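Comments concern the structure below.
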2 protein chains.
Amino acid sequence: MLESTRVTVSTREQLLRSAARLFREQGFHGTSVAEIASAAGITKSSLYHHFASKQALLGEILEDTVSRATPAVEAIAAADLPAAERLREAARCHVVELIHDQDKVACFVEEGRYLAPELREVFVAKRDRYEQSFRRILADGVRSGELRPVSVGLASLAVLGMCNSVVHWYQSSGPLSVETVAEEFADLAVKSLLREQPSGGAEPGGRSLVGSSASGTVPA
Amino acid sequence: MLESTRVTVSTREQLLRSAARLFREQGFHGTSVAEIASAAGITKSSLYHHFASKQALLGEILEDTVSRATPAVEAIAAADLPAAERLREAARCHVVELIHDQDKVACFVEEGRYLAPELREVFVAKRDRYEQSFRRILADGVRSGELRPVSVGLASLAVLGMCNSVVHWYQSSGPLSVETVAEEFADLAVKSLLREQPSGGAEPGGRSLVGSSASGTVPA
DNA sequence: GTCTATAAACGGATAGAC
DNA sequence: GTCTATCCGTTTATAGAC
């Protein structure tokens, strides 16, 4: 590390980024190797010097994603905190990571199913391990009575499905900050499962002064 | 209607069903016209007698879906009921319809973005109109104070994202009934947004006898 | 590490016979 | 309505020069 911050990126990483963006926009099968190479500023043939196949490109995008996200949620799941707080933090972390590298995560969520059988097996195992952290938190919360006695399997899929959907509409150029979205979604996840509301004491049917809390409209 | 129940299906409808199944499994761009025709028991050329293009096939799948689902949720949104009850019913209805024609709805959720620009404009407008029913219910609930003062835009996307995710993992051959999933998800949606929990009075930190309420494990 | 050239297969779509 | 045969552009991937 002789240089302070590297702004240039290796051709290899540039190819991964271009591929992730195009796979997200057009789908894995809707994107040609030539397009990826062109977006990275080289020819199709040169791409094959860096990656053995289009499949290998997708595989590495998914690997990048899961290897970065898994340690973070596993640490949260293992923390010495009430389940509701761990759930909030895990959901928040999930959304933040998702937006941080939106193209690659979108590939993880949407295009992972197009991996060839051999690679897909590994992918599914790693995805399951990631999701296991959420199931663990929910199971803890249900066992302790902190959370409602829901089906842990269903509720985990619901929370993850809700959070993952952010990848389809969030635009960093839009009015909503990463933190706003992450905290709102984490809040929805926790409140949907909490046994007791730490209520302010307002009566049912009471009025609210607020019509819509967040500032802007949400892009389609 | 001289015959009681038609078990045979027109070639045209058979093509739509085959296309929806294959688009769902392999993606729009990952499916060839020849595969669709073959799955319906005819040749590629014969398919072009029924549909002008692969795009037209996708367009009609989406049209089928939206034209069946929209009236149902619009009736619910307009009903003279508390917002929380309308939300529960709309979410339940959404999940039931989604599972009822899972292949076509999966195309609606996942493959609609691959429509050619002209057709996509119509598609997006119809999808927005569908989602508008959810926003309307949520806005009513927030205005009346029945629901928490959340951002209606964000919360609608959260609820729909959560419900739509069912399309990715539900298997009718699995242990979970349509009704179980629909009611659990509707419950999560309502509880995430309700201002006051109609609580049974258990104390926070209390114990539950139930580890996991639904019967079986959930498929990956 | 990048290029030009090319292989070999597959894609959507059409022509025209029956 | 379905077929066989075909057009022709595009696809993934490779060979081999620089």
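Below, chain A is the first sequence line, B the second, and so on; all start at residue 1. If you're wondering where the values come from, they're calculated on a predicted model, not measured in any experiment.
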Just how far, in rounded Å, is [atom2] of [N] from [atom1] of [X]?
X	N	atom1	atom2	value
A/L58	D/dT12	CG	P	13 Å
B/H29	D/dT10	NE2	C1'	14 Å
A/Y48	D/dT11	OH	P	11 Å

Distance (rounded to the nearest 0.5 Å) between [X] [atom1] and [Y] [atom2]:
X	Y	atom1	atom2	answer
A/T31	A/R24	OG1	CZ	12.5 Å
A/I137	A/R135	CD1	CZ	11.5 Å
A/H168	B/N164	NE2	CG	9.5 Å
B/E111	B/Q26	CD	CD	10.5 Å

- Query: Is A/R88 salt-bridged to A/D187, cutoff N-O under 4.0 Å?
  - Reply: yes
Salt bridge flag under 4.0 Å for residues A/R68 and A/D64: no
Query raised in the report: Do the two ring centres, one from B/Y114 and one from A/H29, sit under 6.0 Å apart?
Result: no
Between the protein and nucleotides 4-7 of chain D, list the N/O to N/O atom pairs that are separated by less than 3.5 angstrom.
| unit_1 | atom_1 | unit_2 | atom_2 | d |
| --- | --- | --- | --- | --- |
| D/dT4 | O4 | B/S45 | OG | 2.5 |
| D/dA5 | N6 | B/S45 | OG | 3.1 |

* Would you classify A/T31 as touching base, sugar-phosphate or nothing, given that sugar-phosphate means primed atoms plus P, OP1 and OP2, and contacts are heavy atoms under 4.0 Å? => sugar-phosphate
Minimal heavy-atom distance between A/A189 and A/L87, with the atoms involved, is O-CD2, 4.0 Å
Contacted region of DNA chain C by chain A, from 5' end to 3' end of the hits, cut-off under 4.0 Å to heavy atoms, spans C/dG1 to C/dA5
